[in-house]
Amino acid sequence: MSHALFETLLRLGDNTLILGHRVGEWCGIAPVLEEDIALANMALDLIGQTQMWLALAAEIEGKGRSADDLAMLRDAWDFRNVLLVEQPNGDFGQTLMRQFLFDQFHLLQLQALTDSSDQRIAAIAAKAVKEVTYHLERSSDTVIALGDGTSESNSRMQTALNKLWPYAGEMFVTDPIDLESVEAGIIPDPSTLRDAYMDAAEKVFKLAHLAPPEGNFAHSGGKTGFRHSEHLGHLLTQMQWMQRAYPGAQW
Amino acid sequence: MYAQMVKSEATKEDPAMLAAFQARIDAGEKIEPKDWMPEGYRKTLIRQIGQHAHSEIVGQLPEGNWISRAPTLERKAILLAKVQDEAGHGLYLYCAAETLGVSRDELTEMLLDGRMKYSSIFNYPTLTWADMGAVGWLVDGAAIMNQVPLQRTSFGPYARAMVRICKEESFHQRQGFDIMMKMANGTPAQKRMAQDALNRFWYPSLMMFGPSDKDSVHSSQSMAWKIKMNTNDELRQKFVDLTAPQAEFLGLSIPDEKLEWNEDKGGYDFSEPDWNEFYDVIQGNGPCNTDRIEARKAAWNDNAWVRDGMLAHAEKKRIQKEAAQ
């Protein structure tokens, strides 16, 4: 069980770490000042959640590693985030579409995790759920506003959806690691979140005058770590630079 | 302290009204947006608050440069929070400027086309993680020197914005000092990195206070109006007196052979920065001027579609709401 629990916690913590890092890349260059503030705030929430998930992962692993060791000293194949969150920011529309696609899943997942049989996980989820409720409110409002706005903003949002939609499916794939945690009452079965997700997403897309591309194709390989995208390695070269260049130093 | 060489405007109004206005200021009253004020006071304040706001915005860039490379999760979170605060400061300040009759968009246009300036300090590059320490310790430390007295400035909205900003700046300064302390007590490589950052940021930090009083032509009117509270040299001296013992505590050397305690004046003697370099930087020839403005222009121009889309959506919603009524 402890292996499945460790992997489960990495999946939670790596999603927030990698997305928090990506959102932080917007610092100082957002479309308006209010967005600079909102994006930094969201990145900050996600990094804060990462600290809690990865600290618990490190504790469960019991090998003396810290949350920072897990964040800064693993290579790409040991990361367990879904492919969606490692996709590059693209334009502001792609960043916000990625955020919406993840937030909607993230909120459903966290709501279920507040009932986890593992009290430590339930406690982290209870804190995070408040933040993510707000993230979803913002990202869905923005997707609707830009989808509805001008023909250019609509076309950019449709392009973003076409590009990112094939990465949404991975969030609902249940694999043997998940099943072990599901059976222990620790996490919800990801596949059971799909219907509520699709209903909610459909409502937003309708208001935004957007339509997901045809077909159910979904990329995979992120949460199992089997095959990440090329983008992750580049992200890690930046994120991990200091710890790699100055091993053992305290900052 | 992000306002340097703010040009004071001459004023040609009725001498009786000017005298009454000056009497209010001398009595320590706050001037509020709806009160009568000399045109020169208004224009000087717009320039000063605008320059301060732009500095907060451009100032996100050199620190934002290290968010993706912060060495630990904790440091990443702190840096994100700090840069977010700076954007927030920009927002309060633009709001304060708006009460004087200039919109945020107009101020932004003036920054992007070079009619308005931002502090010279943000035209220096951040090359190592130690620069995050040096910026917090020295740059925010210098900013506080000027901003604390500005809490008593005569224009109400500016003074109130400063109260909020000062609280956050002192946290920024402490986190910068904390980064330096960790490094100064760390490995030889860390210590070297900390010293290198101090070497590069010392004189540019001294320049933040603006030229020497003997060359500062705009001070007297602004001081009479309580827009500027202290002279450049007074603040610079205060900054050196506070910072020199901190550097000693860290075991780092300030790159100035002439730095020495002067018992008679009760302060340090120190070398002036190279003012030619200062004028080069404010005329656009600092190491990062081109990059900073290009980054701000790209953020503004490449994202115009986002602002247009948001406005179009808000307008559609307004029309729908009206039709429903």
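All chains are named by letter (A, B, ...) in the order of the sequence lines, taking the proteins before the strands, and each is independently numbered beginning at 1. These numbers come from a predicted model, not from an experiment.
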Notebook entry, point to check: Name the one of A:I144, A:T150, A:L146 that satisfies side chain to side chain contact (heavy atoms under 4.5 Å, CB included) with B:H313?
Noted result: A:I144

Margin query: So which atom in A:M72 and which in B:A70 form the shortest heavy-atom distance, rounded to 0.1 Å?
Written below: CE-O, 3.8 Å

Next item on the list: Would you name the heavy atoms of B:P71 and A:Q243 that are closest together and state the gap between them?
Entry: O-NE2, 2.9 Å

Check: Where on B:E74 is there a heavy atom nearer than 4.5 Å to chain A: the side chain, the backbone, both, or neither?
Finding: both

Margin query: With side-chain contact (heavy atoms from CB on, under 4.5 Å) as the criterion, how do A:L44 and B:Q84 come out once you've worked through the C-alpha distance, each side chain's angles and the decisive distance to 0.1 Å?
Written below: CA-CA 9 Å; A:L44 190 55; B:Q84 186 193 20; 3.9 Å; yes

Next item on the list: Determine whether B:R104 and A:L33 make a side-chain contact, defined as any pair of heavy atoms from C-beta on separated by less than 4.5 Å.
Entry: yes

Next item on the list: Give the minimum heavy-atom separation between B:S68 and A:H21, together with the two atoms involved.
Entry: O-CE1, 3.2 Å

Next item on the list: Might you confirm whether atom CD of A:Q250 has over 12 heavy atoms from other residues, nucleotides or ligands at distances under 6.0 Å?
Entry: no

Note to self: Do B:M310 and A:E34 have side chains that approach each other closer than 4.5 Å (heavy atoms only, starting at C-beta)?
What the structure shows: no

Check: So which of A:A71, A:A38, A:A145, A:G20 has the biggest tally of heavy-atom pairs under 4.5 Å with chain B?
Finding: A:A145

Next item on the list: May I ask you to name which of B:D178, B:L91, B:L79, B:D85 has the most heavy-atom pairs under 4.5 Å with chain A?
Entry: B:L91

Check: Hey, is CZ on B:R115 packed in by over 12 heavy atoms from elsewhere, all under 6.0 Å?
Finding: yes

Notebook entry, point to check: So what's closer than 4.5 Å to chain A heavy atoms on B:V83: side chain, backbone, both or neither?
Noted result: side chain

Notebook entry, point to check: Any chance NZ of B:K316 has more than 12 other-residue heavy atoms, nucleotides or ligands included, within less than 6.0 Å?
Noted result: yes

Next item on the list: Please look at B:M193 and chain A and tell me whether the side chain, the backbone, both or neither of the residue comes under 4.5 angstrom of a heavy atom of that chain.
Entry: side chain

Margin query: Which atoms of B:A81 are under 4.5 Å from chain A, going by heavy atoms: the side chain, the backbone, both sets, or neither?
Written below: both

Notebook entry, point to check: If you count heavy-atom pairs under 4.5 Å between each of A:P31, A:A40, A:G28, A:S153 and chain B, which one has the most?
Noted result: A:P31

Margin query: If I take atom CD from residue A:Q51 and atom OG1 from residue B:T72, how far apart are they, to the nearest 0.5 angstrom?
Written below: 8.0 Å

Notebook entry, point to check: Looking at A:I47, A:I29, A:D68, which makes the most heavy-atom pairs under 4.5 Å with chain B?
Noted result: A:D68

Margin query: Counting heavy-atom pairs closer than 4.5 Å to chain B, which one of A:R156, A:E25, A:M157 comes out on top?
Written below: A:R156

Next item on the list: Please assess B:V306 against A:T142 for the test side-chain contact (heavy atoms from CB on, under 4.5 Å), listing each intermediate value before the final yes or no.
Entry: CA-CA 10 Å; B:V306 176; A:T142 311; 6.0 Å; no

Notebook entry, point to check: B:A87 and A:I37: which non-hydrogen atoms are nearest, and at how many Å?
Noted result: CB-CG1, 3.5 Å

Next item on the list: Check whether any side-chain N or O of B:R69 sits under 3.5 Å from a backbone N or O of A:M242 as a donor-acceptor pair, and report yes or no.
Entry: no

Check: Under a 4.5 Å heavy-atom cut-off, does chain A meet the side chain of B:L61, its backbone, both or neither?
Finding: side chain

Item checked: For the student: nearest non-hydrogen atoms of B:L80 and A:G24, plus distance -> CD2-CA, 4.2 Å

Notebook entry, point to check: Among A:R22, A:Q240, A:M239, which residue forms the greatest number of heavy-atom pairs with chain B at distances under 4.5 Å?
Noted result: A:M239

Checklist line | Side-chain touch A:D36/B:Q60, heavy atoms, less than 4.5 angstrom | finding: yes

Checklist line | B:R164 CZ: over 12 foreign heavy atoms closer than 6.0 Å | finding: no

Next item on the list: Against chain A, work out which of B:W129, B:Y94, B:W300 has the most heavy-atom pairs shorter than 4.5 Å and name it.
Entry: B:W129

Check: Any donor-acceptor pair under 3.5 Å linking the side chain of B:Q190 with the backbone of A:Y246?
Finding: no

Checklist line | Region of B:I57 in contact with chain A, defined by heavy-atom distances below 4.5 Å | finding: side chain

Next item on the list: Measure B:M183 against the heavy atoms of chain A and call it side chain, backbone, both or neither at under 4.5 Å.
Entry: side chain

Notebook entry, point to check: Which heavy-atom pair separates A:C27 from B:G64 by the least distance, and what is that distance?
Noted result: SG-CA, 3.7 Å

Margin query: Heavy-atom count check: over 12 atoms from other residues, nucleotides or ligands less than 6.0 Å from A:E230 CD?
Written below: no

Item checked: Enclosure of A:Y134 OH (heavy-atom neighbours >12, cutoff 6.0 Å) -> no

